[in-house]
Undergrad: 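One structure is given below, represented as structure tokens, and several questions about it will come after.
Keep in mind that this is a model prediction, so the values were computed, not measured. Naming: A, B, ... by sequence-line order, numbering from 1 per chain.
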Protein chains: 2
Amino acid sequence: MELNEAKDKFIQSWGNFGTNWGINKTMAQIHALFLISDELLSTEDVMDALQISRGNTNMNIRTLVDWGLLYKESKKGERKEFFRGEKDMWLVGKRVIKVRQRQELEPVLQILSEVQNIKETKSNKEETKKFKAQMKSIEDLSLSANSFLTKASNADENWFWKILMKLIK
Amino acid sequence: MELNEAKDKFIQSWGNFGTNWGINKTMAQIHALFLISDELLSTEDVMDALQISRGNTNMNIRTLVDWGLLYKESKKGERKEFFRGEKDMWLVGKRVIKVRQRQELEPVLQILSEVQNIKETKSNKEETKKFKAQMKSIEDLSLSANSFLTKASNADENWFWKILMKLIK
DNA sequence: TTAAACTTTCAATAATTATTGAAAGTTTAT
DNA sequence: ATAAACTTTCAATAATTATTGAAAGTTTAA
């Protein structure tokens with residue numbers, strides 16, 4: 001395989017991978033492009049490399065910066081904005097976990113808690129008890145997952161993997 | 001809140017939650033309905049409860065059975081098929097992890113490995129080295145995540161959480 | 001067999017989500 | 001203040017994904 005062929009394959013695959021996990025294809029592709037680019041890239045560079053529109057590029061670069069996966073940087077003598085990708089995959093992982101935990105797991109925890117405040121009537125006493133118990137069990141697992149992810153996304157790599165390795169042996 | 005209002009809220013939220021993670025809304029809603037139903041339900045019961053078409057219901061029930069989140073069961077004297085939901089959230093979690101790991105993580109591992117077989121030319125020696133190194137680092141993290149998920153999805157609950165609790169303390 | 005009861009399929013359609021690109025907005029240099 | 005260089009927005013459009021429902025397929029009972 002050629003280098004450029006390999007790069008393209010990686011970008012396309014990363015895009016599809018994102019798609020399966022609720023991250024839009026362009027955003028994942030831009031991220032992939034930055035993972036394999038050592039130089040700073042401008043919005044136009046990204047537009048050219050991936051053949052996508054200015055609006056699309058701008059929007060997704062913004063989101064990647066918000067997620068902490070890209071950094072805005074300046075080039076001396078250039079007025080244009082440039083960006084650099086975070087290359088450390090452990091850090092990338094931690095940041096993705098943080099954002100998605102906040103955006104998606106926490107709202108569910110909120111609902112699971114709310115939904116347990118039901119007024120019980122004489123006619124549905126048993127049913128209510130069972131429903132609450134089931135919500136509680138989902139809440140418990142979600143809370144444990146949430147704690148784990150919080151810990152994981154704040155942990156320093158060595159310490160974390162050292163203990164994790166005992167687990168996965 | 002009323003019991004039925006709470007049930008509906010849970011079903012809708014679970015549907016949206018699924019949507020954010022690349023699982024279609026109907027499938028997640030059907031799953032939610034089974035999580036809070038003690039009785040066996042038929043395709044028609046699900047159609048009625050969620051107001052969705054026969055085809056949609058059939059297709060998503062099939063997938064849920066494939067994933068191991070629903071079981072097909074018979075009711076004596078009834079010719080119709082009935083289904084029962086797996087209620088144990090730990091088991092549900094393990095099964096979801098297994099399916100998605102196979103469907104989405106493993107293809108990425110495949111690509112990451114493929115993409116490292118590049119023929120180096122004199123003109124791009126350095127660039128090729130860097131690209132390979134970056135692919136390797138992504139592959140390493142992905143392999144670790146993969147091992148962890150495999151372990152987690154085969155673990156028995158008590159043993160697993162006991163060690164995990166030390167981590168998340 | 002036959003036909004009723006039930007399940008599955010799939011082409012058509014609807015709903016959702018992503019993308020474009022031109023116009024509006026902003027910043028900087030002079 | 002002006003205008004060139006650059007960034008952002010957003011209504012229109014395209015692409016993707018989900019859903020419908022009728023027709024085809026299958027199973028069962030008599």
Side-chain angles (χ1 to χ4, degrees), chain A residues 11-34 40-67 70-84 100 103-104, chain B residues 11-34 40-67 70-84 100 103-104:
Chain A
I11 290 171
Q12 299 308 321
S13 305
W14 206 246
N16 292 335
F17 184 55
T19 281
N20 288 328
W21 290 98
I23 289 165
N24 93 46
K25 188 163 66 169
T26 304
M27 179 167 155
Q29 285 178 341
I30 295 177
H31 181 225
L33 175 63
F34 273 100
L40 299 180
L41 302 177
S42 68
T43 299
E44 300 232 323
D45 293 335
V46 174
M47 288 168 64
D48 285 358
L50 303 179
Q51 291 294 304
I52 53 179
S53 74
R54 183 174 300 282
N56 195 10
T57 307
N58 176 72
M59 213 176 107
N60 285 297
I61 286 182
R62 278 324 117 191
T63 306
L64 285 164
V65 170
D66 286 347
W67 286 33
L70 300 187
Y71 307 103
K72 191 189 281 195
E73 298 210 350
S74 321
K75 238 178 182 172
K76 62 192 170 211
E78 291 256 27
R79 187 163 146 190
K80 217 181 281 189
E81 285 182 337
F82 287 85
F83 302 90
R84 177 171 65 81
R100 306 214 70 192
Q103 287 181 351
E104 287 128 28
Chain B
I11 291 171
Q12 298 310 319
S13 304
W14 207 245
N16 292 335
F17 185 54
T19 282
N20 288 329
W21 288 98
I23 289 165
N24 93 46
K25 189 164 64 168
T26 304
M27 179 167 154
Q29 285 178 341
I30 295 177
H31 180 226
L33 175 64
F34 273 99
L40 300 179
L41 302 176
S42 68
T43 299
E44 300 232 324
D45 293 334
V46 174
M47 287 168 63
D48 285 357
L50 304 178
Q51 292 293 303
I52 53 179
S53 74
R54 184 174 299 283
N56 195 9
T57 307
N58 178 73
M59 212 176 110
N60 285 297
I61 286 182
R62 279 322 117 192
T63 306
L64 285 163
V65 170
D66 286 349
W67 285 34
L70 300 186
Y71 307 103
K72 191 188 283 196
E73 298 210 350
S74 320
K75 238 178 182 172
K76 61 192 169 211
E78 290 255 29
R79 187 163 148 191
K80 217 181 280 189
E81 285 183 335
F82 287 85
F83 303 92
R84 177 171 65 80
R100 306 213 70 191
Q103 287 182 351
E104 287 129 28

Undergrad: Pull out every stem in DNA chain C, meaning runs of 3 or more consecutive Watson-Crick or G-U wobble pairs with both distances under 3.5 Å.
TA: C:1-30 with D:1-30
Undergrad: Could you give the distance from CD (Glu104(A)) to OG1 (Thr19(B)), rounded to the nearest 0.5 Å?
TA: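 Result: 10.5 Å between the selected atoms.
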Undergrad: So do Ile30(A) and Phe83(A) actually touch side chain to side chain, heavy atoms under 4.5 Å?
TA: no
Undergrad: Among dT19(C), dT20(D), dT8(D), which is the nearest nucleotide to the side chain of Arg54(A)?
TA: dT8(D)
Undergrad: May I ask you to say what Asn24(A) touches in the nucleic acid, namely base, sugar-phosphate or nothing, with a heavy-atom cut-off under 4.0 Å?
TA: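 Counting heavy atoms under 4.0 Å across all strands, the contact made by Asn24(A) is with sugar-phosphate only.
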Undergrad: If you check every side-chain atom of Thr19(A), which of dT8(C), dT7(D), dT17(D) has the closest atom?
TA: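 Nearest to the side chain of Thr19(A) among the choices is dT17(D).
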Undergrad: Can you tell which of dT19(D), dT20(C), dT7(D) lies closest to the side chain of Ser53(A)?
TA: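 Among the listed nucleotides, the one closest to the side chain of Ser53(A) is dT20(C).
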Undergrad: Just call it for Thr43(B): base, sugar-phosphate, or nothing, with non-hydrogen atoms closer than 4.0 Å on any strand.
TA: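 Nothing: the residue Thr43(B), judged by heavy atoms under 4.0 Å, touches no strand.
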Undergrad: On DNA chain D, does the nearest nucleotide to Ile23(B) precede the nearest nucleotide to Arg62(A) from the 5' side, or the other way round? Give the residue.
TA: Arg62(A)
Undergrad: Given dT19(C), dT7(D), dT7(C), which nucleotide is nearest the side-chain atoms of Lys80(A)?
TA: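 Taking heavy atoms from C-beta onward, the closest nucleotide is dT7(D).
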Undergrad: Check the pair Ile52(A) / Asn60(A) against side-chain contact (heavy atoms from CB on, under 4.5 Å), numbers first and verdict last.
TA: CA-CA 11 Å; Ile52(A) 53 179; Asn60(A) 285 297; over 6 Å; no
Undergrad: Rounded to whole Å, how long is the line connecting atom CG of Asn58(B) with atom P of dT26(D)?
TA: 14 Å
Undergrad: Closest-nucleotide mapping onto DNA chain C: is Gln51(A) or Phe82(B) further toward the 5' terminus? I mean the 5' end.
TA: Phe82(B)
Undergrad: Counting only side-chain heavy atoms from C-beta out, which of dT8(D), dT8(C), dT27(C) sits nearest to Arg79(A)?
TA: dT27(C)
Undergrad: To the nearest 0.5 Å, tell me how far Ile61(B) CD1 sits from Leu41(B) CG.
TA: 8.0 Å
Undergrad: Which value, rounded to the nearest 0.5 Å, describes the distance between Leu50(A) atom CG and Thr57(A) atom OG1?
TA: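 Here the interatomic distance stands at 7.0 Å.
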Undergrad: Looking only at the side chains, is there a donor atom on one of Ser42(A) and Asp45(A) sitting less than 3.5 Å from an acceptor on the other?
TA: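 Result is yes, a qualifying pair exists.
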Undergrad: What's the closest nucleotide to the Thr26(A) side chain, out of dT8(C), dT20(C), dA18(C)?
TA: dA18(C)
